Amino acid sequence: MKRYEVIVIGAGPAGLSAAAEAAKKGMKVAVFDENAGPGGQLFKQIHKFFGSRANNARMRGFKIGRKLLKEAEENGVEVFLNAVVTGIFEEKEVMVRIDDTVHHYKADYIVIATGAAENMVPFKGWDKPGVMGAGASQALMHLQGVRPGRKVLVVGSGNVGLIVAFQICQVGCDLVAVLDAAPRVGGYGVHASKITRTGVPFLTSHTIIEAKGDDHVESAVIAEVDDHFTPIPGTEKEIEVDTVLLAVGLTPMNQLASNAGCRVEYQEQNGRLSPVTIVDEYGETTMSGIYCCGDSAKETAEGASSAMLQGKIAAEHIAADAGYTTEADAEEKAEEYRKTLDQLSGGMFDVKNKGRMDISTTEEGYPISQSLLRHGYITAEELKGFPAASYEADGPHPVIECTQNIPCNPCRDVCPAGLIHVAEDITRIPEIDYSQKCTNCGMCVTNCPGQAIFIVDNDYEPGYATVSLPYEFLPYPEKGDKGKALDRSGTPVCDAEIVSVRTARAMDNTAFLTMKVPAEFADTARFFRKG
Amino acid sequence: MDSDMRIWEHPVLGKYEKYEEPKVLHFTLDGKDMTGYEGDSVAAALKAAGVMTHRYTAKNHRPRGIFCAIGRCTDCVMIVNGQPNVRTCITPLEEGMELRTQYGVQTKEEWEAENDEEI
């Protein structure tokens, strides 16, 4: 029986981080993953990540995946793919099926990092071809280069639903609407806004009743729901779609932890029971030497950034226990990682605030936009309450439409003029230092993971202003192209002409588009549509 | 062959590796000639060709297609080169593959012969 000091199950962000970190300390590490490719779900993620530099903020998920994999390989981690772990037995014996053969391995430490699976929501016709998980559409689009459908409805407005809905638009599918049974958009307002301004409606307090079609989905019946999530008779509407994407949460995959004898408790999450593997502050389960980290360990999936840090913390503890590092060093490192983890929590979207409907102001005391929560865009009137969004200056200057407390600060890091500030607590809303002058470099606009920053120049020409915006659709407009400017709700408001399209390596495939609009629309024009 | 379901170029990912110098692969679905590209999963090739139904369930004959696309849910299984229950979303397309829509765990003909009933 082959021995490893550490066996990691799952080659996603948590598993690879744990493996790389343990290997760096000199441990002999193997990673088993049932998939043909490593990286877990990271290679499907193409948006720029939130957070701070310490957790790879503004880097796109698939690039983080590449970096992580390289790190693991360089440190001598052995990654076994198409390797299904089918059981964990006494004395940390791990049974793995590779091809059609069962192999047995032994470990001193086991890290379970199996991630989470997409939830389902039952409705009539949910099993028809054309109804699929939001993650499934990402696999088709980003790994296979194939569209999931032509006319798409997204059910669920948490961050996964919002991110995927935007990606559906990016590949040229017709996104018909984003639904949520809750009375408000569940994910970050900035994610919602970048969809809304392209003209896609958010239907909060709406649910899907039926997916219709003979052999596959041809239409969906949706309806408004009341306060108890019950469809209101008479509000049904049938809309033509061929694809329904479900983004209704994730459930941790705890089977191996249960099988190994670790204590798993079931906790209620949004009306369904979700398994939670009980772990200590290092991620160690109730079985000594067996750790669980990343989304597989959580009652609510927290995503790749947290998973990577949890993996590193587990590896520190393992290395200290095995004598590859001192307890003091491990604790110091773990504390540093915990601090970075803490940065990612906090704010109104923190797990502890999930489902809370009573948060009405930001930590700064600004009233939170109700329109943003209800319809996916903030009104011009509401924006006036935010200094960084209503700041006026001569010449080009940033307008930061970041109005919720979310953990993110790349705008500060990329501003060469030192104009943008974010407090040490990165959930704080960015502030503008009025004594500095904007260089119109476009870095804040193109690097903001929420695409919530615009550069406005009210003095472009007599009677005209320019609005510069982030743009991630093909084909890019060209200088001289004429069309309409859309406002935050996606309504065309005025004529617009493209005066420049800038791209740069540091903008990482987000174009910096500048459009000329009549001066009175400088505060409302936020998207460009050709023609 | 060119399908409007293919994303020839992506604003973030650029041109996919498999589309740089695409190599056409030939396969059959229920005896019908079809093509896909090297680098496609079986499911992706079918999706690009506009095929949505991969199988029908055993009891109620309900159509099923791609659901999770990561090899977990088994909704997209088909008969591939004579072997039933193959997860098409994680099976790479190969030249000359013979795909059959799966009825229960059989081909349509097998199912009809065994159940003495036409679908």
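Chain identifiers are assigned alphabetically (A, B, ...) following the order of the sequence lines, protein sequences preceding nucleic acid strands; residue numbering begins at 1 within each chain. Predicted model only: the values in this text are computed from it and were never measured.
For chain B, the nearby parts of A:A136 are the backbone and the side chain; heavy atoms of each come within less than 4.5 Å. Neither the backbone nor the side chain of A:Q167 comes within contact range of chain B, judged by heavy atoms closer than 4.5 Å. Using a 4.5 Å cut-off between heavy atoms, B:Y16 touches chain A through its side chain atoms alone. Neither the backbone nor the side chain of B:I90 comes within contact range of chain A; no heavy atoms are under 4.5 Å apart. Within the 4.5 angstrom heavy-atom criterion, no atom of A:D508 approaches chain B. Using a 4.5 Å cut-off between heavy atoms, A:Y471 does not touch chain B at all. Interface remark: A:N35 contributes side-chain atoms only to the contact with chain B (heavy atom separation under 4.5 Å). Interface remark: A:M120 contributes side-chain atoms only to the contact with chain B (heavy atom separation under 4.5 Å). Looking at A:Q138, neither its backbone nor its side chain comes within 4.5 Å of chain B, counting heavy atoms on both sides. Neither the backbone nor the side chain of B:E17 comes within less than 4.5 Å of any heavy atom in chain A. Residue A:P475 does not touch chain B at all, counting heavy-atom pairs closer than 4.5 Å.
Comparing A:P148, A:G135, A:A511, A:C173 by how many heavy-atom pairs each has under 4.5 Å with chain B, the most go to A:P148. The candidate with the highest count of non-hydrogen atom pairs below 4.5 Å against chain B, out of A:A36, A:G130, A:G149, A:G172, is A:G149. Per-residue heavy-atom pair counts under 4.5 Å with chain B were compared for A:Q170, A:E472, A:E118, A:H142, and the maximum is reached by A:H142.
More than 12 heavy atoms of other shown residues, nucleotides or ligands fall within 6.0 angstrom of atom CZ in A:R502. Within a 6.0 Å sphere centred on CD of B:E112, other residues, nucleotides and ligands contribute more than 12 heavy atoms. More than 12 heavy atoms of other residues, nucleotides or ligands lie within 6.0 Å of CD in B:E109, so this atom counts as buried by the packing criterion.
Annotation for B:V12 and A:I46: closest pair CG1-O, 3.9 Å, computed over non-hydrogen atoms. Taking all atoms of both residues into account, the shortest heavy-atom contact from A:V146 to B:Y19 is CG2-OH, 4.1 Å. Considering all non-hydrogen atoms of both residues, B:I70 and A:A139 come closest at CG2-CB, 4.4 Å.
A:R147 has its side chain out of reach of B:K47: every pair of non-hydrogen atoms, C-beta onward, lies at least 4.5 Å apart. B:H10 places none of its side-chain heavy atoms less than 4.5 Å from the side chain of A:M141.
We find the NZ-CE distance between A:K128 and B:M52 to be 11.0 Å, quoted to the nearest 0.5 Å. Taking CG from A:L246 and CZ from B:F67, the interatomic distance works out to 5.5 Å, rounded to the nearest 0.5 Å.
Using a distance-only test at 3.5 Å, with no hydrogens or angles considered, no donor-acceptor pair links the side chain of B:R64 to the main chain of A:P129.
Partner of B:P11 under the side-chain contact (heavy atoms from CB on, under 4.5 Å) criterion, out of A:T510, A:N509, A:L474: A:L474 alone.
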